[in-house]
J.: 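Before we start, here is the structure in question, set down as structure tokens.
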Amino acid sequence: MNYWLVKSEPDSFSIDDLINQTNGTEMWDGVRNYQARNNLKLMQTGDLVFFYHSSCKQPAIVGVSEVVTSHYPDPTAENPQHSGYDPKHSPESPRWFVVDLKFKQKFNQPITLSWIKQQKALADISLISKGSRLSVMPIDSNHWHFIMESAK
DNA sequence: GCCAACGTTGGC
DNA sequence: GCCAACGTTGGC
């Protein structure tokens with residue numbers, strides 16, 4: 001069992017949008033960065049995922065979702081009408097992948113980026129370390145549990 | 001809107 | 001394989 005964090009711009013897709021999906025489940029498409037994709041491919045059913053709001057007034061971890069499928073080819077990469085279309089992607093040799101994420105929990109209090117930066121226990125969390133622009137990143141279990149305790 | 005910190009592309 | 005130019009991310 002592994003822990004992850006995914007970023008989403010709340011103006012495009014917020015945690016409340018996830019709640020409102022059928023079964024609270026959304027296909028996590030549109031990842032077009034190789035490192036983020038490699039992280040997606042490592043995800044397994046049952047892994048837990050922080051939902052992070054980026055590029056907004058208050059960047060923060062706002063809740064938790066669960067991986068409910070292993071990775072499969074990203075259908076939006078096959079669609080020439082879609083902004084995520086990649087001519088180098090094909091069903092025969094897929095380049096981009098998705099997983100399905102299911103809503104699990106919304107924090108009463110968002111765990112804000114500015115708060116995270118103040119915590120000694122989170123000094124080396126991937127979210128604020130080098131290469132932190134990844135939209136899918138692993139989270140150490142000790143960081144995970146510290147944040148879960150803080151969100152109570 | 002600015003800009004630092006990347007990642008990607010493509011000419012050579 | 002190098003690297004300049006360009007694009008993107010995302011906090012501020």
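FYI, side chains are in, hydrogens and waters are out, and symmetry mates aren't considered; it's all heavy atoms of this structure.
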J.: For A:V99 versus A:V67, what's the shortest heavy-atom pair and its separation?
T.: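 Where A:V99 meets A:V67 most closely, the heavy atoms are CB-CG1, 4.4 Å.
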J.: Between CD of A:Q105 and CZ of A:F51, what distance do you get to the nearest 0.5 Å?
T.: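 So the CD of A:Q105 and the CZ of A:F51 are separated by 13.5 Å.
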J.: Show every ring-ring contact (aromatic ring centres under 6.0 Å, His included) that has at least one partner inside residues 99-129 of chain A, sequence neighbours left out.
T.: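 Residue pairs passing ring-ring contact (aromatic ring centres under 6.0 Å, His included), neighbours aside: none found.
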J.: Could you give the CZ-to-C1' distance, from A:R95 to B:dT9, as a whole number of Å?
T.: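 Rounded to whole Å, this separation is 12 Å.
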J.: So if I take the C1' atoms of five pairs at each end of the helix from B:dG1-C:dC12 to B:dC12-C:dG1 and get each local axis, what angle do the two axes make, rounded to 10 degrees?
T.: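 About 10° separates the two local helix axes.
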J.: Which of residues 80-89 of chain A sit near DNA chain C, with a heavy atom under 4.0 Å from it?
T.: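 Residues of residues 80-89 of chain A under 4.0 Å from DNA chain C: none.
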J.: Quick check: closest heavy atoms across A:A77 and A:Y85, and the distance to 0.1 Å?
T.: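 Between these two residues, the closest heavy atoms are O-CD1, 3.3 Å.
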J.: Would you jot down, in residue-number order, the residues of residues 4-18 of chain A having a non-hydrogen atom under 4.0 Å from DNA chain C?
T.: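 A:K7, in order of number.
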J.: Could you pull out all donor-acceptor pairs under 3.5 Å where a side-chain atom in residues 9-18 of chain A meets a protein atom, sequence neighbours excluded?
T.:
unit_1 : atom_1 : unit_2 : atom_2 : d
A:S14  : OG     : A:D16  : N      : 3.2
A:S14  : OG     : A:D17  : N      : 3.3
A:S14  : OG     : A:D17  : OD2    : 3.4
A:D16  : OD1    : A:K106 : NZ     : 2.8
A:D16  : OD2    : A:K106 : NZ     : 3.4
A:D17  : OD2    : A:S14  : N      : 2.8

J.: Kindly say whether A:W96 contributes a backbone atom to a donor-acceptor pair with the side chain of A:H89 at under 3.5 angstrom?
T.: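 Yes, A:H89 side chain to A:W96 backbone: donor-acceptor pair under 3.5 Å.
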J.: Hey, are the side chains of A:K7 and A:M137 touching, using non-hydrogen atoms and a 4.5 Å cut-off?
T.: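 The answer is yes, as the side chains (C-beta and beyond) meet within the 4.5 Å cut-off.
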J.: Tell me every residue that passes ring pair (Phe, Tyr, Trp, His ring centres under 6.0 Å) with A:H145, counting only those two or more places apart in sequence or in another chain.
T.: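 Only A:Y3 meet the ring pair (Phe, Tyr, Trp, His ring centres under 6.0 Å) criterion with A:H145.
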J.: Minimum heavy-atom separation for A:I116 and A:I125, please, with both atom names.
T.: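 Distance-wise, the nearest heavy atoms are CG2-CG2, 4.0 Å.
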J.: Counting only heavy atoms not in A:N108, do more than 12 sit closer than 6.0 Å to its CG atom?
T.: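 Atom CG in A:N108 is not packed in, count stays at 12 or less.
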J.: Give me the residues of residues 114-123 of chain A where at least one heavy atom lies under 4.0 Å from an atom of DNA chain C, by number, or none.
T.: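 By residue number: A:K117.
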J.: Atom CD of A:E66 and atom CG of A:D100: how far apart are they, to the nearest 0.5 Å?
T.: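 The CG atom of A:D100 is 12.0 Å from CD of A:E66, to the nearest 0.5 Å.
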J.: Nearest heavy-atom pair of A:F50 and A:I147: which atoms, and what distance?
T.: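 Result for this residue pair: CZ-CG2, 3.5 Å.
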J.: Please write out the pairs of protein N or O atoms and N or O atoms of nucleotides 2-8 of chain C separated by less than 3.5 Å, giving the distance to one decimal.
T.:
unit_1 : atom_1 : unit_2 : atom_2 : d
C:dT8  : O2     : A:R133 : NH1    : 2.9

J.: For A:S83, give me all partners under side chain to side chain donor-acceptor pair (under 3.5 Å), at least two apart in sequence or on another chain.
T.: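 A:S83 satisfies side chain to side chain donor-acceptor pair (under 3.5 Å) with no other residue.
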J.: Step by step, work out the side-chain hydrogen bond (donor to acceptor under 3.5 Å, both in side chains) result for A:D47 and A:W4.
T.: CA-CA 8 Å; A:D47 283 358; A:W4 307 93; 3.0 Å; yes
J.: Give the residues of residues 48-58 of chain A touching DNA chain C, defined as any heavy atom closer than 4.0 Å, sorted by residue number.
T.: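 Correct list: A:Y52, A:S54, A:S55.
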J.: If you look at every heavy atom in A:P110 and A:V62, which pair is closest and at what distance?
T.: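 Result for this residue pair: CB-CG1, 4.2 Å.
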J.: Please give, in whole Å, the distance from C:dT9 C1' to A:M137 CE?
T.: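 So the two atoms are 11 Å apart, to the nearest Å.
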J.: Test of understanding: with side chain to side chain donor-acceptor pair (under 3.5 Å), list the residues that count as partners of A:W144, not counting sequence neighbours.
T.: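 Per chain and number, A:W144 pairs via side chain to side chain donor-acceptor pair (under 3.5 Å) with no residue.
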J.: Without placing hydrogens or testing angles, list every side-chain donor-acceptor pair under 3.5 Å for residues 22-36 of chain A, not counting sequence neighbours.
T.:
unit_1 : atom_1 : unit_2 : atom_2 : d
A:T25  : OG1    : A:N23  : O      : 3.0
A:R32  : NE     : A:G84  : O      : 3.0
A:R32  : NH1    : A:D74  : OD2    : 2.9
A:R32  : NH2    : A:D74  : OD2    : 3.3
A:R32  : NH2    : A:T76  : OG1    : 3.1
A:R32  : NH2    : A:G84  : O      : 2.9
A:N33  : OD1    : A:Q35  : N      : 3.0
A:N33  : OD1    : A:A36  : N      : 3.0
A:Y34  : OH     : A:R95  : NH1    : 3.0

